[in-house]
2 protein chains.
Amino acid sequence: MHDLLTIGELSARSGVAPSALRYYERLGLISSTRTGGNQRRYERSMLRRVAFIRVSAQVGVPLEEIGAALADLPAGRTPTRTDWTRLSRAWRSRLDEQIALMERLRDRLDGCIGCGCLSLKTCGLYNHGDELAEQGPGPVRLMRRG
Amino acid sequence: MHDLLTIGELSARSGVAPSALRYYERLGLISSTRTGGNQRRYERSMLRRVAFIRVSAQVGVPLEEIGAALADLPAGRTPTRTDWTRLSRAWRSRLDEQIALMERLRDRLDGCIGCGCLSLKTCGLYNHGDELAEQGPGPVRLMRRG
DNA sequence: CCTTGAGTTGAAGCTCACTTCAACTTGCAG
DNA sequence: CTGCAAGTTGAAGTGAGCTTCAACTCAAGG
């Protein structure tokens, strides 16, 4: 019917509030053309961009970084399959890292925090960190990134 | 040597800034005794609490909720192994959920956003959401929790 | 004792990611 | 043509999670 979306339509379709979409636009994450009366109109390809933004934000990537990644997409034309594939490959490793981090955290929680060792003094990890190694990491080790 | 930790020691051992520790204390997430000169002294078991707080916050649990969970720990005494086990079991399922969500996101990113379908119109998911189902979820589906 | 680094407070400030507001304009259905 | 939902703007507000500041006190080594 119409091949450009109003901000309300993009909002309904993406699940992102109009105010947030305007915010994303101010940050340069998405873009629009304007009608004669100055209203925003979005290409359908923006739906994909918004989905990408939400997925990325959900896993903790700051909007600024998402913007930097999106800036690698071609400016003038609608991104091709190849464009998106390139972008999502880089992002995938980021997701994999984040997932791996969380799995480590979960296993530590189970194996160490769950066992009561820090207060019961029956855990190797605790004894190493807290009683043997003065500069020792102890629980800190849990939080290291990368 | 000393069996109570100063705020600086707890900070060094946990990797959390003193200001953040005071903040946690204001919120009731951790507690301390005071010296004659009004300085905080922490029991060693607080290290475990702080580790728990950081792990939980890292996966997106708001501090208020973490506080609610910690409130289930016994007030007077140092928590036992059983106390922590109960707490961490409930939390583990939360971590599992979060991990599963991220895996779903990753797979969708690979299988759908990665393939270029939203702009190339070759993807079932896209066609369903965007062309067949008017109230359809489309990319929104990606973001649903639970 | 003296110095110095560590700790104390409440209040204010900061970043991120938005939302809300007020005052106004557009676009479309009837 | 009219009415009204939907859109526009910049500025200010929100809430989470801290950090910084100023002005001060404490604790411990030399």
Side-chain angles (χ1 to χ4, degrees), chain A residues 1-43 46 49-70 134 140 143 145, chain B residues 1-43 46 49-70 98 140 143 145:
Chain A
M1 224 154 179
H2 32 248
D3 52 23
L4 290 179
L5 304 170
T6 66
I7 195 167
E9 287 162 344
L10 182 58
S11 169
R13 297 291 316 278
S14 66
V16 174
S19 60
L21 292 174
R22 291 194 196 96
Y23 179 64
Y24 292 163
E25 194 169 328
R26 273 219 328 272
L27 299 186
L29 300 187
I30 58 176
S31 59
S32 59
T33 53
R34 298 297 180 115
T35 63
N38 197 37
Q39 296 197 355
R40 288 170 181 82
R41 289 298 181 268
Y42 295 98
E43 289 185 29
M46 279 302 148
R49 262 180 112 96
V50 173
F52 182 83
I53 292 166
R54 296 307 301 154
V55 168
S56 305
Q58 176 108 9
V59 301
V61 183
L63 294 183
E64 198 176 2
E65 255 184 272
I66 298 172
L70 285 172
E134 276 306 281
V140 183
M143 306 311 300
R145 298 133 208 278
Chain B
M1 224 154 179
H2 33 249
D3 52 24
L4 290 178
L5 303 170
T6 66
I7 195 168
E9 288 162 343
L10 182 58
S11 169
R13 297 290 315 279
S14 66
V16 174
S19 59
L21 292 173
R22 291 196 196 96
Y23 180 64
Y24 291 163
E25 194 169 328
R26 272 219 329 273
L27 297 187
L29 300 187
I30 59 177
S31 59
S32 58
T33 53
R34 297 298 180 113
T35 64
N38 197 36
Q39 296 198 355
R40 288 170 180 83
R41 289 297 181 271
Y42 295 98
E43 288 185 29
M46 279 302 147
R49 262 180 112 95
V50 174
F52 182 83
I53 293 166
R54 296 307 301 153
V55 168
S56 306
Q58 177 107 10
V59 302
V61 184
L63 294 183
E64 199 177 2
E65 252 184 275
I66 298 171
L70 285 172
Q98 186 75 15
V140 182
M143 307 311 300
R145 297 135 209 274

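Below, chains carry the letters A, B, ... as their sequence lines are ordered, and counting in each starts from 1. Atom set for the values below is all heavy atoms of this structure, side chains included, hydrogens, waters and symmetry mates excluded.
Map B:G8 and A:E64 each onto its nearest nucleotide of DNA chain C; the residue landing nearer the 5' end is B:G8. The residue among A:S19 and A:R41 whose nearest nucleotide of DNA chain C lies closer to the 5′ end is A:S19.
Checked by atom type and distance alone, the side chain of A:R41 never pairs as donor or acceptor with a backbone atom of A:T35 at under 3.5 Å.
Counting only heavy atoms from C-beta on, A:R40 has its side chain closest to D:dT8 among C:dA17, D:dG17, D:dT8. When each of C:dT19, D:dT19, C:dG27 is scored by its nearest atom to the side-chain atoms of A:A17, the top-ranked nucleotide is C:dT19. Of the candidates D:dC18, D:dT8, C:dT9, the closest approach to any side-chain atom of B:R54 belongs to D:dC18. Proximity note for A:T35 (side chain, C-beta onward) versus C:dG27, C:dT8, D:dT8: the nearest is C:dG27.
Put simply, B:R34 has no side-chain N or O that comes within less than 4.0 Å of OP1 or OP2 on D:dC26. An OP1 or OP2 oxygen of C:dC18 is reached within less than 4.0 angstrom by a side-chain nitrogen or oxygen of A:Y24.
Around the CD atom of A:E64, the shell of radius 6.0 Å holds no more than 12 heavy atoms that belong to other residues, nucleotides or ligands.
In this structure, CZ of B:R26 is placed 10 Å from P of C:dA11, rounded to the nearest angstrom.
A distance of 10.0 Å separates CG of A:L21 from OG of A:S32, quoted to the nearest 0.5 Å.
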